[in-house]
Amino acid sequence: MATERYNAPAREKHWQQVWEKADIFHSKEDDAAAKCYVLEMFPYPSGRIHMGHVRNYAMGDVFARYKRMKGFSVLHPMGWDAFGMPAENAAMERKVHPGAWTYQNIDTMRGQLKSMGLSLDWSREIATCSPDYYKHQQKLFLDMLEKGLAYRKSSKVNWDPVDHTVLANEQVIDGRGWRSGALVEQRELTQWFFKITAYAQELLDDLDTLTNWPEKVRLMQANWIGRSEGMSIRWALDKPTAPKGFDEIEIYTTRPDTLFGASFLAVAADHPIAKAASENNPALAEFCEECRRMGTSVAAIEAAEKLGYDTGIRAVHPFDKEWTLPVYVANFILMEYGTGAIFGCPSGDQRDMDFARRYGLPVVPVILPPGEDAVTFSLKNKAYEDDGVMINSRFLDGMGTNDAFNEAARRLENQKLGGKPQGARKVNFRLRDWGISRQRYWGCPIPVVHCKACGVVPVPAKDLPVTLPEDATFDKPGNPLDRHPTWKHCACPKCGKPATRETDTMDTFVDSSWYFVRFTAPQAATPVNAKAAKYWLPVDQYIGGIEHAILHLLYSRFFVRAMCDSGHLSFSGNTREPFAALFTQGMVTHETYKSEDGFWLLPSDVRFEGEGSQRKAIDVLSGRPVTIGSIEKMSKSKKNLVDPDDIITHYGADCARWFMLSDSPPERDVIWTEAGVAGAGRFIQRVWRIIDDVAERYPEKLGSKPSVFSPEALEVRKAAHKALDQVGKTIEGLRFNVAVATIHELANVLSAALSKSGDGLPHAIREAAELMTRMIGPMMPHLAEECWARLGYNTLVANEAWPAAEPGLLVDDQVTIAVQVNGKRRDELVISRSATNAEVEAAALKLEPVLRALEGRTVKKVIVVPQRIVNVVG
RNA sequence: GCGGACGUGGUGGAACGGUAGACACACAGGACUUAAAAUCCUGAGUUCGAAAGAACGUGUGGGUUCGAGUCCCACCGUCCGCACCA
């Protein structure tokens with residue numbers, strides 16, 4: 001019998017050394033084998049790994065190890081998303097250089113990840129802050145610049161007054177910086193942009209090819225891209241009322257069918273006409289200023305308030321020269337979308353309705369909803385925005401919405417204003433170009449030079465990388481590169497005269513938009529090694545947090561396309577998608593604890609008394625009661641953290657991995673509980689005891705199959721092979737919690753079998769033990785090695801093939817069939833698998849509970865689903 | 001407001017339209033022990049019943065079906081995303 005407990009922490013170190021010495025996770029391009037590129041989103045080196053990392057990397061590792069065992073040539077790399085603000089904040093607060101801080105964190109976290117026993121190819125490790133990485137990124141930038149995919153323009157930007165930097169629209173959440181939480185201001189600055197909008201249609205269309213992505217993510221991206229089909233329509237302005245130099249206004253609409261319901265036009269505060277009209281109208285100028293101030297922040301909060309100002313200008317209806325409409329400046333019109341001007345149809349749009357009611361404008365219903373009567377139909381204050389039949393619309397009357405759209409469009413296309421068609425069909429996208437300029441030090445320098453004579457001059461490729469100066473200062477806010485005494489001064493690459501470097505660095509999302517490409521050839525002299533990229537890409541299974549559903553994933557999808565179009569990359573298939581399959585795992589959550597005086601407490605500072613509703617928490621230090629709060633995502637601010645290091649040194653990495661994979665479906669949040677971890681730890685000991693027991697009793701490696709198996713032995717064999725089949729399938733589908741349950745079941749069977757006897761049972765038990773050892777290999781790799789060695793093998797489970805289940809053992813000769821009467825289960829029937837429907841029916845009708853349930857009624861019908869169920873209808 | 005997901009025992013959760021509650025946690029009883037821990041065995045959806053058994057059970061109400069946790073419709077609740085996108 002097993003005497004010693006399995007000492008996980010000690011044995012895990014041992015097996016990690018064995019793996020490392022054998023260098024078994026080193027991946028190579030092997031044309032003879034099918035490839036599998038498994039990738040988890042690489043971490044930001046914040047200092048220490050957290051439980052979210054443990055969960056993410058445990059899942060990826062199970063998949064990678066399983067695929068290795070299945071014979072795939074696996075690429076499973078790791079690196080560091082190493083540029084970004086926190087390093088600069090650390091520099092400011094603690095007077096350490098961002099680089100030193102970052103690399104120190106990387107060292108710590110690399111050590112932590114290694115202690116998890118992940119099957120990573122560490123020879124491919126990359127850090128995006130290394131010039132070895134970002135010099136290639138600068139080359140990519142230059143080539144995108146040449147192709148017109150990177151450009152500079154002046155634009156209103158989101159300025160974060162705390163971080164002193166520009167933010168992309170995606171980084172502004174509810175009017176606040178995603179990192180600092182500060183209210184974002186609008187500023188006019190010249191910025192670098194990537195032309196992601198050039199790919200809007202392709203990025204949208206190709207979402208359909210991503211069938212192994214969560215539907216939710218595809219939908220979120222589609223909404224973000226925001227395609228709409230409509231028309232731009234030019235309206236003539238009524239001469240006497242128009243400002244100087246303006247004789248028409250162009251609006252964008254998706255509903256030209258509702259033109260006869262129009263009662264006003266509205267333009268954005270930044271619209272040229274609004275500006276012109278403001279010139280000799282101080283009150284209007286003040287109103288426009290007010291709108292701008294509301295900008296991103298307050299507008300979001302006071303979304304309900306629709307305000308406008310009548311410019312006095314009147315526009316002529318495109319279908320009726322005698323009909324003029326007022327032109328307003330309105331706070332709910334965005335200059336950035338469409339043409340920054342609309343026509344308002346109050347009956348067909350709720351915003352327009354609100355506006356019309358506020359300013360006493362006419363409301364003419366033009367669409368009759370299905371089932372309504374034209375005579376009695378009225379709208380009150382609720383617009384009808386759906387389809388219906390046109391009314392009050394002259395030549396459109398009686399048409400359906402679609403036909404009316406087309407008819408209005410046709411007429412406008414053929415109708416001339418100023419010699420040009422008055423209307424044109426137009427597709428509009430919500431997606432805007434990606435602003436990548438950041439006024440920060442710790443990022444990839446944008447490799448261009450500004451010359452008074454030559455303008456913007458790209459740094460020649462031979463002069464790359466443009467590296468960051470080591471001796472920057474971080475003692476005050478603002479851009480350290482800009483205030484550096486010498487760094488920005490250089491000679492113009494074109495004319496040689498004194499010039500200045502670009503001091504903006506790139507958004508760190510650029511770094512993570514192609515790291516998965518670089519992993520395929522991390523030491524290549526060019527950004528991409530074509531052969532390696534062709535072999536490994538796309539990523540076969542990408543795993544990460546749902547929080548990147550839009551930003552990182554959309555940028556990456558854009559970036560690989562830009563890399564293709566600038567000659568760096570080519571895909572063999574007909575889509576250009578970087579991630580063939582995506583899985584978004586849930587968060588790790590934990591209870592929160594608050595002391596009497598309102599401070600958050602770490603779980604390790606709290607002890608518990610009582611159970612269930614009587615459960616009370618007590619502050620370990622003060623002995624005073626603690627309020628148990630809601631279960632939330634583990635975060636530094638709420639202190640509901642459990643340190644992975646503590647778990648790994650106490651219970652071992654396998655335990656942490658196993659717990660993370662147990663119970664909760666991987667896409668859902670998992671609640672970290674002490675009891676759950678302890679349970680996982682107990683199971684590890686149990687597996688060890690079982691294997692130790694088997695090895696003690698049956699020390700011989702599995703030999704040839706005996707000719708006779710007792711029923712008990714056969715049951716064990718069936719259980720083992722069914723489990724093998726099931727575990728393989730569930731890992732394949734990333735349903736780790738089900739795989740865990742299956743292994744539990746097998747352990748139960750195996751442990752029970754040890755107290756039985758019968759022909760062939762030793763063989764069956766030994767076989768089941770050997771199978772189970774390999775089955776746990778992907779999930780608890782260290783324990784598997786220990787068990788495998790105990791079973792007498794000197795090979796590594798990590799190098800073993802995933803065993804093939806015997807098909808004959810996956811099906812039963814005798815099947816249990818449920819017997820229902822009128823859909824209610826009354827009994828069950830054990831019958832030969834090959835029994836005919838008639839035999840099953842006959843057997844079912846003899847069952848006593850069936851007869852009882854029929855209560856003498858005649859049988860009307862019997863439905864037999866072979867090997868599953870019989871339903872007697874009576 | 002719009003869009004989406006989800007709702008199953010005390011808890012986490014299983015379940016190709018076919019025996020609901022696998023597996024685990026927690027719980028209770030028992031064995032082992034001087035005792036405890038560890039371990040092993042047993043029990044358990046709810047209600048009625050000593051038991052056999054019966055009725056009711058997957059948020060609520062309808063529907064489709066021989067049969068619904070699963071499909072359809074409406075509602076309630078929870079969570080997430082977007083939010084004046086014309």
Side-chain angles (χ1 to χ4, degrees), chain A residues 1-2 5 173-174 214-217 219-224 226-228 230-231 251-255 258 266 268 299-300 302-306 330-334 336-345 348-352 354-355 385 428-432 546-547 549-550 611-613 659 662-665 667-671 673 675-680 682-683 685-686 689 735 737-748 751-752 755 816-829 849 852-853 860-874:
Chain A
M1 271 306 285
R5 284 172 64 79
I173 297 153
D174 291 334
E215 190 56 43
K216 180 187 169 73
V217 174
L219 190 75
M220 280 164 72
Q221 291 213 351
N223 288 341
W224 190 266
R227 183 183 195 273
S228 71
M231 293 197 83
I251 60 97
Y252 177 74
T253 182
T254 55
R255 298 299 298 269
T258 63
E302 290 182 301
E305 208 65 27
K306 309 246 176 319
N331 65 346
F332 62 97
I333 308 301
L334 305 171
E336 301 79 32
Y337 188 80
T339 60
I342 60 138
F343 81 82
C345 172
D349 183 294
Q350 193 56 49
R351 289 160 304 175
D352 298 344
D354 296 346
F355 193 80
E385 304 188 345
N428 228 313
F429 293 96
R430 205 187 76 114
L431 183 70
R432 324 252 172 86
I546 186 74
E547 65 273 21
I550 297 173
E611 300 290 345
S613 59
F659 174 74
S662 304
D663 293 348
S664 285
E667 69 278 8
R668 255 188 254 178
D669 291 351
V670 64
I671 304 167
T673 64
V677 187
R682 277 201 301 275
F683 183 69
Q685 296 301 334
R686 180 149 182 254
R689 271 196 313 276
R735 299 171 66 237
N737 57 322
V738 184
V740 165
T742 307
I743 289 172
H744 274 137
E745 279 180 278
L746 179 58
N748 290 344
S751 137
S755 59
T816 306
I817 294 179
V819 182
Q820 299 180 334
V821 175
N822 293 333
K824 269 202 174 95
R825 195 191 80 95
R826 292 297 169 182
D827 202 355
E828 56 186 35
L829 191 60
R852 190 161 7 111
K860 288 185 194 141
K861 193 171 164 191
V862 179
I863 289 139
V864 179
V865 181
Q867 293 148 44
R868 290 214 158 265
I869 204 164
V870 183
N871 191 10
V872 179
V873 186

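The figures that follow rest on heavy atoms only: side chains count, while hydrogens, waters and symmetry mates do not. The chains referred to below are lettered A, B, ... by the order of the sequence lines, with proteins before strands, and numbering in each begins at 1.
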* Asked: Do the side chain of A:Tyr252 and the main chain of A:Tyr337 share a donor and acceptor less than 3.5 angstrom apart?
  -> no

* **A:Val819 backbone acceptor or donor facing A:Asp827 side chain under 3.5 Å** => no

* Asked: To the nearest Å, how far apart are A:Arg686 CZ and B:rC25 P?
  -> 9 Å

* Nearest of B:rC85, B:rC66, B:rA26 to any side-chain atom of A:Arg432? -> B:rC85

* **Shortest side-chain distance from A:Asn331, nucleotide among B:rA83, B:rU19, B:rC84** => B:rC84

* Asked: Relative to the 5' end of RNA chain B, which residue comes earlier, A:Asp349 or A:Thr673, by the nucleotide with the nearest heavy atom?
  -> A:Thr673

* Now, which nucleotide makes the Watson-Crick or G-U wobble pair with B:rC79, with each of the two distances under 3.5 Å? -> B:rG4

* Asked: Want to settle it: does A:Glu667 or A:Asn748 sit nearer the 5' end of RNA chain B, counting the closest nucleotide to each?
  -> A:Glu667

* Counting just side-chain N and O atoms, does A:Tyr252 come under 4.0 Å of either OP1 or OP2 of B:rA86? -> no

* To do: Please check the phosphate of B:rA86 (OP1 and OP2 only) for any side-chain N or O of A:Ser228 closer than 4.0 Å.
  => yes

* Asked: Rounded to whole angstroms, how far apart are CZ on A:Arg868 and C1' on B:rC66?
  -> 17 Å

* Asked: Phosphate oxygens OP1/OP2 of B:rA14: is one of them under 4.0 Å from a side-chain N or O of A:Asn737?
  -> yes

* Contact class for A:Ile546 (heavy atom, under 4.0 Å): base, sugar-phosphate, or nothing? -> nothing

* Between CD1 on residue A:Ile550 and CD on residue A:Gln221, distance to nearest 0.5 Å -> 7.0 Å

* Asked: Given B:rG67, B:rA22, B:rC80, which nucleotide is nearest the side-chain atoms of A:Gln820?
  -> B:rG67

* Span that lies between the P atom of B:rC79 and that of B:rG13, in whole angstrom -> 16 Å

* What is the nucleic acid contact for A:Glu828, judged by heavy atoms within less than 4.0 Å: base, sugar-phosphate only, or nothing? -> base

* Would you classify A:Arg227 as touching base, sugar-phosphate or nothing, given that sugar-phosphate means primed atoms plus P, OP1 and OP2, and contacts are heavy atoms under 4.0 Å? => nothing

* Round to the nearest Å and state the distance from A:Glu215 atom CD to B:rG3 atom P. => 15 Å

* Nucleotide nearest A:Ile342 when distance is taken to its side chain, options B:rC82, B:rG4, B:rA86 -> B:rA86

* To do: Go ahead and name the base partner of B:rA54; Watson-Crick or wobble counts if both distances stay under 3.5 Å, otherwise write none.
  => B:rU47

* Quiz item: A:Lys860 side-chain donor-acceptor pair to B:rC66 base, under 3.5 Å -> no

* **Under 3.5 Å: donor-acceptor pair, side chain of A:Asp349, backbone of A:Glu385** => no

* Asked: Nearest-Å distance, CG (A:Asp663) to C1' (B:rA14)?
  -> 11 Å

* B:rC75 versus B:rU11 - spacing of their C1' atoms, nearest Å -> 28 Å

* Asked: For B:rA38, does either OP1 or OP2 sit under 4.0 Å from a side-chain N or O belonging to A:Arg5?
  -> no

* Just how far is it from atom CZ of A:Arg735 to atom CD of A:Glu667, taken to the nearest 0.5 Å? -> 9.0 Å

* Asked: Do the side chain of A:Arg826 and the main chain of A:Arg852 share a donor and acceptor less than 3.5 angstrom apart?
  -> no

* B:rG9, syn or anti by chi within 90 degrees of zero -> syn

* Paired with B:rU64: which nucleotide, if any, by Watson-Crick or G-U wobble criteria at under 3.5 Å for both distances? -> none

* Reckon A:Lys824 has a side-chain N or O less than 4.0 Å from the OP1 or OP2 of B:rA54? -> no

* Asked: Between B:rA52 and A:Arg852, is there an OP1 or OP2 to side-chain N/O distance shorter than 4.0 Å?
  -> no

* To do: Starting at atom CZ of A:Phe355, determine the distance to atom P of B:rA86, rounded to an integer number of angstrom.
  => 18 Å

* Structure fact -> CG (A:Asp352) and SG (A:Cys345) are apart, to the nearest 0.5 Å, by 7.0 Å

* To do: Taking only the side-chain heavy atoms of A:Ala675 (C-beta and beyond), determine which of B:rC66, B:rC25, B:rG18 contains the nearest atom.
  => B:rC25

* To do: Using a heavy-atom cut-off of under 4.0 Å over every strand shown, decide if A:Ser664 touches base, sugar-phosphate, or nothing.
  => sugar-phosphate

* Could you work out which one of B:rA14, B:rA86, B:rG18 sits closest to the side chain of A:Val738? => B:rA14

* Which value, in whole Å, describes the distance between the P atoms of nucleotides B:rC71 and B:rU8? -> 15 Å

* **Nucleotide B:rA24, atom C1' - distance to CD1 of A:Ile743 in whole Å** => 13 Å

* Asked: To the nearest angstrom, how far is A:Ile863 atom CD1 from B:rG17 atom P?
  -> 18 Å

* In whole angstrom, give the distance that lies between atom CZ of A:Phe332 and atom C1' of B:rG1. => 15 Å

* To do: In whole angstrom, give me the gap between the C1' atoms of B:rG62 and B:rA68.
  => 14 Å

* If B:rC40 has a Watson-Crick or G-U wobble mate with both distances under 3.5 Å, name it; if not, just say none. => B:rG30

* Which nucleotide sits closest to the side chain of A:Ile333: B:rA86, B:rG13, B:rA26? -> B:rA86

* Within the structure shown, what part of the strands sits under 4.0 Å from A:Val865 by heavy-atom distance: base, sugar-phosphate, or nothing? -> base

* Can you check whether A:Arg689 has a side-chain N or O nearer than 4.0 Å to OP1 or OP2 of B:rC40? -> yes

* Structure fact -> Between the CD atom in A:Gln350 and the NZ atom in A:Lys306, the distance rounded to the nearest 0.5 Å is 8.5 Å

